[in-house]
Number of protein chains: 2
Amino acid sequence: MARTRTSLSLEQIIEAAITTLDAVGAEKMTLRGLAAQLDSGVASLYWYAAGKDQLMAIVSDELLGRALDEAEALERADQPHPKQFENYPPPEPDGRTSTGTAEGLLQIRRLVLCLFVQMLEHRWLASQLIKAGPDEQNSLTYWELVGQALQNSGLDLTRQLQASMVVSTYASGMGAEVSQRAIEREAAEDAEAQQTAQIDHWASFSEEDFPFVHSVLGEFENLDEASDFIMGLDLVLSGLERLTWD
Amino acid sequence: MARTRTSLSLEQIIEAAITTLDAVGAEKMTLRGLAAQLDSGVASLYWYAAGKDQLMAIVSDELLGRALDEAEALERADQPHPKQFENYPPPEPDGRTSTGTAEGLLQIRRLVLCLFVQMLEHRWLASQLIKAGPDEQNSLTYWELVGQALQNSGLDLTRQLQASMVVSTYASGMGAEVSQRAIEREAAEDAEAQQTAQIDHWASFSEEDFPFVHSVLGEFENLDEASDFIMGLDLVLSGLERLTWD
DNA sequence: TTCGCCAATGGAACGACGTTCGATGCATCG
DNA sequence: CGATGCATCGAACGTCGTTCCATTGGCGAA
């Protein structure tokens, strides 16, 4: 085995880091474990990144870039959303909505859903995107693309800025919540038993004090982890659409 | 000084923990520092809580309880929202909306804003609420109250459940994002210089590649940290209101 | 009152982590 | 062929959450 000048590369580190992060999560992934997986030493990683935080920022930006690429590919192919979400069609635009606005909102929906795909595959991504500000390259591009989709909406500039930040923020904020619930569900060896046990626990509370919880206990089987995220996203976009009516 | 049987109490620990967390944040708060502030030893804390994670869950639930109390007090006084947000009046309900729905949405808005007040005072709270599931007492009550406000909306049970989870999730998810940006802004000794430096940095990017970013650069002075959260909340509620029309 | 139990405490140590330091290898160039 | 500097890695440092265990002191039972 010919050892070249550099036995490590940033791409290799990123790939290994993603694998490890997917396996054990952000907190339990250690630089020692990552170095061992790369058949290397801990200190070597510090030549490529200033520390664990920066390494995770780099890795997150990589996945954000993949989401942007996927969104662009879908737009070229005239697909309204990733194929994973065919069961969640975009709501019909109202008659009062201009075609420019409707197209912009669909672009935003496609973009956010592409990012959400990455969040479902990598449960640590969303909370990491929260910690790292919009300093990275792809994070800025993401924000820019959301904003561009709003430029033909007829909203004034302040509203455009606000709406772009709300949408950008929504993805990572809501994504972090959904990811966390998915992590907890996976932590139990028997996911289904865990679910029913949770429901039974809720059922043990007084029906008098918690009438709503009791009333919806039977509705949980109709939901999956994606439905909350997508419904909330469509509520935001629906509210945004309504803003353009006045 | 007569040393009683127990020199520590859970209430004292909670109070000291909140103070320390507000001062240094969740990650830099150490059990050693907390014990020193209580003039006690590290291991003593383990008699009251199983570990740092559980301690933070207890503290978070305490603040969530304060938010619930404040919301109840406001409802008694017929106040639509905490006085901190008088500059952000609730949007007028549409004519097509039933009074039951409009009242429910206003209750939700008041509840979420009371929680947001605590998040602004304690920047570590939101991300902590994400990590801890809805197992704690007040977390369940919070969810229940959101759901009760939806029971007269005319939505079917599945939609009620979905909407209640979207709203509950929105607060912590979006709150974590807003809190993080506030932390970063405070980290710099000169907040205003930091802000203009950030804007200058964005301005350094190509106007051709980032037309939207350039167009809204001058609008930042019109926003504060609360506006994104509240606008997003009102967008969600507006979308929810629209759902009840059909 | 006295004794013994046990809730409650805290000093010390353990193991794991992120990070730093210094020495070493090795390709490249004069 | 020797010097330069990029790239690597073993070892150590400091700090953290956590655990162990001896000790304390109030309180009920005899």
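Chain identifiers are assigned alphabetically (A, B, ...) following the order of the sequence lines, protein sequences preceding nucleic acid strands; residue numbering begins at 1 within each chain.
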Residues touching DNA chain D, which here means a heavy atom under 4.0 Å, drawn from residues 49-56 of chain B: B:Gly51, B:Lys52

Sidechain N-carboxylate O distance under 4.0 Å for B:Asp228, B:Arg181: yes

Over 12 foreign heavy atoms within 6.0 Å of CD, A:Glu15: no

Length of the CG-P vector between B:Leu8 and C:dG10, whole Å: 7 Å

Rounded distance in Å - CH2 (A:Trp47) to P (D:dC6): 8 Å

From B:Gln198 atom CD to B:Arg185 atom CZ, the distance as rounded to the nearest 0.5 Å: 11.0 Å

Side-chain H-bond candidate by donor/acceptor type, B:Ser164 with B:Trp143, under 3.5 Å: yes

A:Leu140 side chain reached by A:Glu144 side chain, heavy atoms, under 4.5 Å: no

Separation of C:dG18 P from A:Lys28 NZ (nearest whole Å): 13 Å

A:Asp209 backbone acceptor or donor facing A:His214 side chain under 3.5 Å: no

Nucleotide D:dC9, atom C1' - distance to CG of A:Leu34 in whole Å: 15 Å

Spacing between B:Glu27 atom CD and C:dC17 atom C1', to the nearest angstrom: 13 Å

Between A:Gln37 and A:Thr20: side-chain donor-acceptor atoms closer than 3.5 Å: yes

Nearest-Å distance for atom pair CG/P, residues A:Leu10 and D:dA7: 12 Å

Ionic contact status for B:Glu70 with B:Arg66, cut-off 4.0 Å: no

Between C:dG18 (P) and A:Leu31 (CG): distance, integer Å: 5 Å

Close N/O contacts between protein and nucleotides 11-16 of chain C (under 3.5 Å):
residue: C:dA13; atom: N6; partner: B:Arg32; partner atom: NH2; Å: 3.3

Spacing between B:Leu45 atom CG and D:dG17 atom C1', to the nearest angstrom: 11 Å

Phosphate OP1/OP2 of C:dT9 contacted by B:Tyr48 side-chain N/O (<4.0 Å): yes

Ring-ring centroid check B:Phe229 B:Tyr170, cutoff 6.0 Å: yes

